[in-house]
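Have a look at the structure below before the remarks.
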Amino acid sequence: MDSTVTGDIVTYELKGNVALVGLNRAEKRNAISDRVVEALAVAIARAEREARAAVLFGYGNHFCAGLDLAEHVERSPIEGVRNSRRWHAVFGGIEHGTIPWISALHGAVVGGGLELAASTHIRVADATTFFALPEGQRGIFVGGGGSVRVARLTGVARMTDMMLTGRVVPAASAEAWNLAQYVVAEGEALAKATELAEAAASNAELSNYAVINALPRIQDMAKEDGLFVESFIASFTATSPEAEERLRAFLEKRAARLKAPGA
């Protein structure tokens, strides 16, 4: 049964097989505080138990304007390390969990907000979206996984440009920069992200797990090592009961066929 739980900073709603997780701190442009991180951890764990895919979005005019700097300036160096590692652990629960996550982006996707979005597997940006990494202007450095995740999306040169100059990347450039896989009209990101999540939720669970966990790891391997691992993943997924039934349905023409774009 669908259910909704609304907290003061993060919301959770289960619609069928898709969990909708919302950043609900609009008055602060959904800036990420320690409480937001812990609330996200709870929502992520619940989605893992209940859903087959999830959508992450923000309330108000912005997805997320980044780190709550009021908390950051009060930390000692070791406290900063612990805080960064906590972000890594929680965001890693999205990236390396068992279900696909799609983020619906609008307005500011800045600093820690971009680091959070980068931990999702597919990003949908509407026309109002803009991306930035202003850490250089703040005298700080990314600490929520951006040096790994964002750099892999955009390339080191582009991320360096963003951090050194404060360059703002508009939605119109998001696909070319690999910051988003879809760019839609204003106000349509959540609907599109939900549509994609529903499609992903209909896949075999083991296949989804392999896609979101094996692919990024294979990219870190030498070519022949990656091909070797691919063989085992391919064999393991293809021989699961669910895969066997889906392949049989395709061969017996019981499964929908792919359609050409615009067909």
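Counting from 1, the numbers follow the sequence of the chain as shown.
- Checking side-chain atoms of Asp126 against main-chain N and O of Gly187 turns up a donor-acceptor pair under 3.5 Å.
- Using a 4.5 Å cut-off on side-chain heavy atoms (C-beta onward), Val109 and Arg123 make no contact.
- The two residues Ala104 and Phe63 make their nearest non-hydrogen contact at O-CD1, 3.6 Å.
- Counting only distance, with no hydrogens or angles, the side chain of Thr120 and the backbone of Leu116 share no donor-acceptor pair below 3.5 Å.
- Of the possible polar contacts, none joining the His121 side chain to the Pro100 backbone as a donor-acceptor pair under 3.5 Å is found.
- Hydrophobic clustering of Ile, Leu, Val, Met, Phe, Trp and Tyr side chains at less than 4.5 Å, counting indirect connections, unites Val37 with Val21.
- Few gaps surround OH on Tyr59; more than 12 heavy atoms of other groups in view lie less than 6.0 Å from it.
- Using a 4.5 Å cut-off on side-chain heavy atoms (C-beta onward), Leu114 and Leu133 make contact.
- Under 4.0 Å is where a charged nitrogen must lie from a carboxylate oxygen, and between Arg152 and Asp220 at least one such pair does.
- In this structure, the side chain of Glu186 does not engage the main chain of His106 through any donor-acceptor pair within 3.5 Å.
- At a cut-off of 3.5 Å, with distance as the only test, a side-chain donor of Asp161 or Thr165 sits close to an acceptor on the other residue.
- Taking the six-membered ring for Trp, Phe228 and Phe232 have ring centres closer than 6.0 Å.
- Judged by distance alone, the side chains of Asn24 and Asp8 never bring a donor and an acceptor atom under 3.5 Å apart.
- Side-chain atoms of Ser103 never come within 3.5 Å of backbone atoms of Leu105 as a donor-acceptor pair (strictly under, hydrogens ignored).
- Between the side chain of Asn208 and the backbone N or O of Ala200, at least one donor-acceptor pair lies under 3.5 Å.
- Counting only distance, with no hydrogens or angles, the side chain of Asn61 and the backbone of Arg29 share no donor-acceptor pair below 3.5 Å.
- Checking side-chain atoms of Ser235 against main-chain N and O of Ser231 turns up no donor-acceptor pair under 3.5 Å.
- Hydrophobic clustering of Ile, Leu, Val, Met, Phe, Trp and Tyr side chains at less than 4.5 Å, counting indirect connections, keeps Val124 apart from Val169.
- Listed for the Arg52 side chain is no donor-acceptor partner under 3.5 Å among the backbone atoms of Asn17.
- Residues Pro170 and Phe131 fail the side-chain proximity criterion, which asks for heavy atoms closer than 4.5 Å.
- Annotation: side chain of Tyr209 is not in contact with side chain of Val211 (no heavy-atom distance under 4.5 Å).
- Inter-residue side-chain proximity for Val42 and Tyr12 is flagged as unmet; no heavy-atom pair is nearer than 4.5 Å.
- Between Thr98 and Glu48, the side chains place a donor N or O and an acceptor N or O closer than 3.5 Å (distance only, hydrogens not considered).
- Minimum heavy-atom separation, Ala125 to Thr129: CB-OG1, 3.6 Å.
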